[in-house]
Every structure is written in C-alpha cells, then in structure tokens.
Amino acid sequence: MTEPRVIRFRLNGEWVQLGVAPNELLINVLRERLHLTGTKYWCGIGECGGCTVLLDGEPVLSCLTLAVDVDGREITTIEGLATGEDDLTPLQRAFIEEGAIQCGFCTPGFILTAQALLRENPNPTEEEIREYVRGNLCRCTGYVNIVRAIKRAASEAAKSRRPGPAAGAASG
Amino acid sequence: MSSSSVLEEIRRAEEFLVVGKGVWRIDALDKVTGRARFTSDFVLKDALHVRLVKSPIPHGRIIEIDAERALGLGPVRVFTAADIPGENQVGYALPDQPLLPADKVRYVGEPVALVAAPDEDLAEKAAELVEVRYEELPAVFDPLEAMERSDVLVHEDRGTNIAEMTRVRKGNVERGFEESDVVVENTYRTGHQEHAPLETEGAVAIPDTQGGVTVIASIQYPHLCQRITARVLGLPHSMVRVIQPYVGGGFGGKDDMGPVVSAMAALVAFKTGKPAVLVYSRRDSFTSTCKRDPSVVRYKTGATRDGRLKAIEVQIILDSGAYANRGPYVLWRATMHAGGPYEVPNAKVDGFLVYTNKVFEGSFRGFGNPQVQFAAESQLDELAERLGMDPLEIRLKNLLRPGSRTITDQLLESSVGIYEAVKLLGEKTGFRAKWREYRRERAGRVRRGIGIACGYHGISTSRGVPDWSNATVILGRDGSVTVETGICEIGQGSWTAHAQIAAEVLGVPVERVKVVGGTSDAPDTGATHASRGSSIGGIGVYVAAKRLRERLAEAAARLLECDPSDVEIREGRAFRRDSPDDYVEWEELVQAAYSMGYEMSATGYFFLPKGKFDMERGLGYAYPAFSYIANVAEVEVDLETGKVRVVRVWPALAAGRILNPVLVEGQIEGAIAQGMGYALTEELKFEDGRMLNPNFTDYLIPTSLDVPEVEAPIYVEDLYEYGPFGAKGVGEMALIPTPAAIMNAVKNATGVRITEIPATPEKVYFHLKEAGVVAGE
C-alpha cells in the first residue's frame, strides 16, 4: 500500500480535508469516514446507479470514483439537498407527492441523477427522462411514478421561472 | 369484536377523513433526505465484519475444514457447524436445513463457514483462505429426473427427492372430460426468479449486557427471526431482540432469509462478545439466497361448446432446490389456485415438490401462484381459440361470482368482485375490437397484440393454519399516538396504512401517529407476507384504536356533559354532535382521560375464523378471502429480433377497500414491472448447478426504458367483512397474471403460443421461426 494522500473537497457546501489511500473509493470515504450513509451501496460495479453523487454538478457513481480524484472539486450527496420538510427541493417534494418512493433505497441516487438532468435540460420529454435515468435501477415502483415526479418537478420549476402575474407583481 | 359488528361499522362508514386518501407516506421525508437508515448504515465501532465461505460444488461430503491459513492472517475468527451452541436447524416447513452444514453441501454457494475480522478486506481475504476438503457426490439438477431417481438423493434420510405431495380431488374429472366438447392439453415451464431487492440481505448483531443479543436486520418477520436465532444460540426467545431498520425491498425473499442472516450475525456476536455485521454482497445475494421455484405444469382443460369449463387435470412440479424451505406451502398455494378464478366443477390436481442440487427456493411475491396462473390463463386462451370465442367472452362465462365454489369446493359468499372488474376492463380497453384487429392484421416486421389474464390470491395463511392480527396502540400524555406492530415496512407502505387506520378510528390527523413496527418488542403479528401486512395486520390496529376511542368518548361525555353516544371525535377535536363549536382539544381530552383513570393503551387482537380443510382430498376452506386481479397487456413483437416490448398495461383490482390509492397504485405498477421481468428477461442460467450470471449485467431486471405505461387501475371495492374498513390484500396481486397477459398478447400478435418463460428474445425468435412466422414472408 502506498502512502495516504491528503485531499480537500467541497462537500455539500463545506470544505472537508482528510487523508485517503490512493485506492480508496469515494463511496467508502462518504459512508464510512464521513458517516453520510444516504449514498447507497448495492452492486459495487457500476450496474445500478444507487451510489450516484454529483461531482461538480455531474452525476457520477461513487463506487467507481477514486477519492483522490475529487481533490479540489465539489461533491453533492443527498444529505446536501434539504434538512427537513421546509426546505425540500422541488424534486424531493415531487417524489413524495407522486408516490415515487417505496423502499427508498434507490431514491437518493434517482433524485441526484434527476437533479443533474433538470440542470442540463430543464424541460425534458418523457423519453428524455427515461433515457437519462436508465442507469438507475428500481425494483419497487416500475418507474412510473418516478418519471411522473421528475416531470412534475420540471413543470413546477418552469412555472416559477415564468414571470406570471404574481411574480411580475413581486418584481415590479 | 363480533363479525357482524365489524361489518356493520364498514357499511356505516361511507365517508372517511384519512382512509382512502393518498396521504404522504409516513417514511417519505426520511427517504428523500437520505436520513433513512438501512441495516448497513448502522456503522458500529469495534464491529466485526462477517463474510461467507461458500461451497464451490453442488453436492459433496465435507471431509475437513482447515482454517489455519485464514487464522494466520491476523485477528480472524472462523465459525463452522461445530461452533453452534444450540440447534443447527433453520428449516421452515421441514427440519432439513442447517444454518451451516456439518456433513454435506447440497448446492453451489451454500455457506459452509463464517469468517469474522475487524475490517472487511481482511475478512474477505481470510474467507478465501479457508480450505474445505470435499468428497464430491453425484448431483441431480433436473426436477423431472430427480423425482424418478433414488440413487442420487439430496437428503438421504428422506429416501426420495420428493419433498412434498399435494392434491385436490373435486367431482369426477373423467366424466367432466367426457362431457367436454373441446379438450386442450399443454405443458408450461417457468424459470427461476431472483428477488433482486436493491438492498441485499444483512444483519447487525449486538451482544447485550444480559447474555442475549439484539439484531438489527433486513427482514419481513421479526418474531420468526427471534425464534430461529434463539434456537441456533440455544437461548430463550426473550433473550433475542429483533428490530428492523428501513428495509430496501423484500418481495418475500427477506421473509425466508431474515432468520438466516439474523442467526449468522448473532452467532458471531454471541461467540465473540462483539458487534457483528453481515451484509451479503450482490453476488452472495444471487448465489446463496432463495429464488422463485421453477416449475413444470402439465395442464388439461375441457369445456363444452358454449364455453363452460367442465374439468381440469393438472400436474404441478416445483423445483425446490437443495432445501424444502417454504416449498410445501408454495406448492399448496399453487395446487389450490390451479383452477384460476373460475368455476370448475371437476378438478384433479397433483403437486410435487422436488429436491435438486441447486440453490434453494422460497417465498416470492405470488408464492407459487404466478407459475400456475401462467398455465391456467394460457390454457383459457387456447380453449377460446378452439371454440371460436374471444378471450374476454370465455372469461366472463366462467368467472367466480358471489355464491360460486372454488376448486377446493370453498363457498365464496361475498367479496368476489372479479366479474365486474373484468367487464369494466374489457370496456375501458376496447379489448374485443383491438384483439380482432390485431389478429386480422398480422403483417410486417413489428406486430402488435393484446392479451388479458386474470388471477386470484388467497389472503392470509393457507388452509386451517391459524392466523391472527395483533397490535398495541398507546396514547401519550401529550396526545401523541404510537402503534406497535410486528408488521414490517419493506417499501409497500403498510406503516402508512396502519397510521391511517389508527387516525381514522381515533379521529386525529395522521401526522399524530407514529408506527413502531417490525420489532419483536411488539406483539407477534405474524409475517409481512401473503399480502397480509395492511389487510390482516391492520385489523389489530383497528380493534385497539376502537377500544381507546370508546374510552375517550366516555371521558369526553363527562367533560361535555352528554351521553358518550353523542360524542364525535374528528380532526383532533371532541364535541357534541349537535353543537360542534363547543369542543375539547385532543390533548386536553387525553390528559383528562388519564386523570379520570382510563387506561390509555390498548391491545387489539383478532383471530381469523377459518373452516375445515380435508388434506386427503384437498377440499374445504382454503383461505378467509381472495383478492382478484385482471391485467390487459398490449405488446409489440419484433419478428426479426424476437424482442417483445410491452407497450401498455391496464390493471383492474378487486381487493376490497382501497386504503390509500397512491400506495396501491405503487404496488400495482411495481408488480407489473416485476412480472414483466419474470415473463421476458429475468433468466438465471446454470451449468452443473453453478449460477453463470449472478449480477445485474447478465441477469436483466427491467430499467426505465423497458417498463410499460401503466394506466390508472380500475378498482372494484368488494368489501371483506374482517378486513380493516373492508380491505383485502394488494401487494402480490398484479404480478400474478402479468406473464400470461403478455404471452396471450404475443399469441394475438403472432399466432404463436409460447409456453415457456422467461420468453427471452432468442427463445421467442426460435419459437416464431419454428412456427414459420418470419419477418417479410
């Protein structure tokens, strides 16, 4: 084993610094060293999408990402999105309201992947949603309500962007 | 509570505040924020990590287990059968399954020893260094061969590879076939199915200060895990506590595997005095946990010219793998459901559960029923074809109705909504017109087809096996409500349904209710299986909450100076029915009830009344109630690739009261996707008993690109007198008819009957080719 290396990265908005082995995986650093267990481990070989986190806003599989590679960069995990009911993101709220959650094990990976999708493409079609999340497996829902929730979050975000009468009055 | 009063309640309750509404799941917030903790999220300091040493051979005697090299690596411990302090037995239906085998192994992947070390990598390395010497024995893999052989026995002491036989004898089938104008006979085959819960099996065991152990595990029945773990450790049940954290999918598999992983982790914790963490790798989850039983079903059906069913003769052979596990119960369920939800006057059914040297089988959503409904529902379409009828017509002629008798001669007095469900489904989908059109067209490379299949499923345990509901409801002095139950939350939403039931009965907002479930600290509520979580589990909550409600009504009557029968409690306020403005707040009411000396906790217990079952003839009372389902599936078949795409599915459900439409819809959609995987892509491949594809790259569960659109379900609320607010089970239903609905649609599209699932593209392609259906010709 070679020497540990000190890395520094922004995690959910705050800088963290720690020594990691050159072969240490990001998922293990998050779960075991930093106790952020919202990121889920289920296949370990990039088949399922369950361990998805955002690296500089892009979805990556933390089970296939070396911790040393995130040095100086920004990581968002599910814990970085909201602290409770009051500050849920539109996606989190839509997942609850559309019944897109059952066992909840795939939920963090799906929400983060969907967040990246909506950043790239704020108004995706159903086909684009299905295509984008195809690497995230779910065994409970049949994906019906997950796709519906992503659509709903997109349309709600669009509504709040559009200067409607209320927004117009507020800004005016 | 008497049955008539329960029924009376249901009838009177026309309007609900919480029941029947799509309230937020009570676990939703934890699950979207990443706070929800699953078994492997309990990272304990000083914990030992446990890995399995698995058999590389399908059948052989264990000569020696040499752990010397493994132990030489450092702080490593190795545990074998010799280390088990109690009884080395985890068999469910039969005492045939050791936790760790002492004398021989019976399948590739069978855990032979456990290795524990302070870190995962060391445990993994040490497990590879444990050397097990075997004397290999001849093995048997095909159930049809295994049932004939006595020279190769998976369990020598049983003298045969047939683990269980079942039968139904109703009427006179010979006469039934004589009176039939048309007889159809076919053999159907179904493969293994892996549950593939996204969270693998696992347990964390912590030794306690009193010589016992606490287990946190991914399970479906805490009290069963408690019993098995206590048996293996040689402890009284009370020394073992079992708690479920959040569970990442179960589908039946964790009902069977929960006790095994609990006992394994507990063994290590008990022997070392340290916390032990055992989490199956994805590979372990494939190679070493139970699957859905593969089947061979030979099915003969006779009907008169006008389409009335006269007789069925069915032989069901289930491949049990190395151990019986739940197999005898799975086989009974398949046997008793063999007729489908139809009136069949004469029935002869024989079932065989056969041991082979492959991974053992067990509980999986549908529990033997999907295998047999695939055959029964394919048969019905073949029969219709011969009679010149359409699939809808033949079903409507024969469906069960109130007053019908099942093939076990059980009288169904009420709560039989399938006829109405199928009728509505036929209208909604325009089934007949589409079916005729697709059948006429049959041109081009991609062909479209539509198919229908029905199913029914007995709720609760089979035959006279006792079943009960049990729960405790506690009101805190601050007015908070706690429901304690053994029912597990595995994603299906039972805890939310429990909270809704308690809130509705007590008259408080659902947010007030907390459910503490899935723990052996609660009363034994039975397993979360057989679609009984909310339907049967909810009865105890209903009864307990009712008791508290009566006490609160008395207390409120004293405060409001009226008769208890004039008290209304709703939305957290108690008032006199004739003057709603003069109310008492819920907290105030609960505190007053405490002061007046009312007991503010109550247990709810209900023992399900059951009838007699004659095992010799397989006749009698099979289940307290049945839920019913029908699915219509529309498919596209690509003749050049053999790929079947399921475009759209329309479900119709008759499962009594729909307690929460959002949750029920989720169960239906998920079950359809799982049933589609079972029918089309999920294939476990074996070579000499060794699984060739234990991963998600080679074992294909449906992705977001594969699943069909699922239309809004049709609900026929055929209330069940003992169900909470009239609810019956839902969880398993929509999977059951899905394979047949798809294959019936493939037949409609191509004219070819495929009798074997999974119908992978290559299988479909060769079937089509053999039948002379080729693109462009």
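Predicted, not measured: the structure shown is a model, and the values here were computed from it.
- Interface summary for chain B: among I78(A), I96(A), V147(A), the most heavy-atom pairs under 4.5 angstrom belong to I96(A).
- Residue with the most contacts toward chain A among I668(B), T703(B), D30(B): T703(B) (heavy-atom pairs, distance under 4.5 Å).
- Within the 4.5 angstrom heavy-atom criterion, no atom of T89(A) approaches chain B.
- When each of R148(A), E32(A), E98(A) is scored by its heavy-atom pairs under 4.5 Å with chain B, the top score falls to R148(A).
- Each of L29(B), D41(B), I672(B) has some count of heavy-atom pairs under 4.5 Å with chain A, and the biggest count is that of D41(B).
- A distance of 10.0 Å separates CZ in R282(B) from OH in Y41(A), rounded to the nearest 0.5 Å.
- Heavy-atom neighbours of chain B within the stretch residues 129-144 of chain A, taken at a separation under 4.5 angstrom, comprise R130(A), E131(A), V133(A), R134(A), L137(A), C138(A), R139(A), C140(A), T141(A), G142(A), Y143(A), V144(A).
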Margin query: Please determine whether side chain to side chain contact (heavy atoms under 4.5 Å, CB included) holds for the pair Q102(A) and E669(B), giving the CA-CA distance in whole Å, both sets of side-chain angles, and the decisive distance to 0.1 Å.
Written below: CA-CA 11 Å; Q102(A) 287 191 28; E669(B) 290 159 356; over 6 Å; no

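- Minimum interatomic distance between F696(B) and E47(A) (heavy atoms only, all atoms of both residues): N-OE1, 3.0 Å.
- Neither the backbone nor the side chain of E489(B) has a heavy atom closer than 4.5 Å to any heavy atom of chain A.
- Remark: side-chain polar atoms of K31(B) are paired, donor with acceptor, to backbone N or O of C103(A) under 3.5 angstrom.
- Heavy atoms closer than 4.5 Å to chain A are found in the backbone of V247(B), but not in its side chain.
- For the residue pair W42(A) and L198(B), the shortest heavy atom distance occurs at CZ3-CD2, 2.7 Å.
- Taking each heavy atom of R35(B) and G84(A) in turn, the nearest pair found is NH1-CA, 4.2 Å.
- Of the two parts of S40(B), the backbone and the side chain both hold a non-hydrogen atom closer than 4.5 Å to a non-hydrogen atom of chain A.
- Using a 4.5 Å cut-off between heavy atoms, L88(A) contacts chain B through its side chain alone, with no backbone atom that close.
- Taken to the nearest 0.5 Å, the OG1 atom of T33(B) stands 9.5 Å off from the CG atom of D87(A).
- For chain A, the option among V279(B), T697(B), V662(B) with the highest count of heavy-atom pairs below 4.5 Å is T697(B).
- Separation of atoms OG (S704(B)) and CD (E127(A)) is listed at 11.5 Å; rounding is to 0.5 Å.
- Of the listed residues (I701(B), T200(B), L663(B)), the greatest number of heavy-atom pairs within a distance under 4.5 Å of chain A belongs to I701(B).
- Within the model, atoms SG of C48(A) and CG of N695(B) stand 12.0 Å from one another, a figure rounded to the nearest 0.5 Å.
- Of the atoms belonging to A36(B), it is backbone heavy atoms, and not side-chain ones, that fall under 4.5 Å from chain A.
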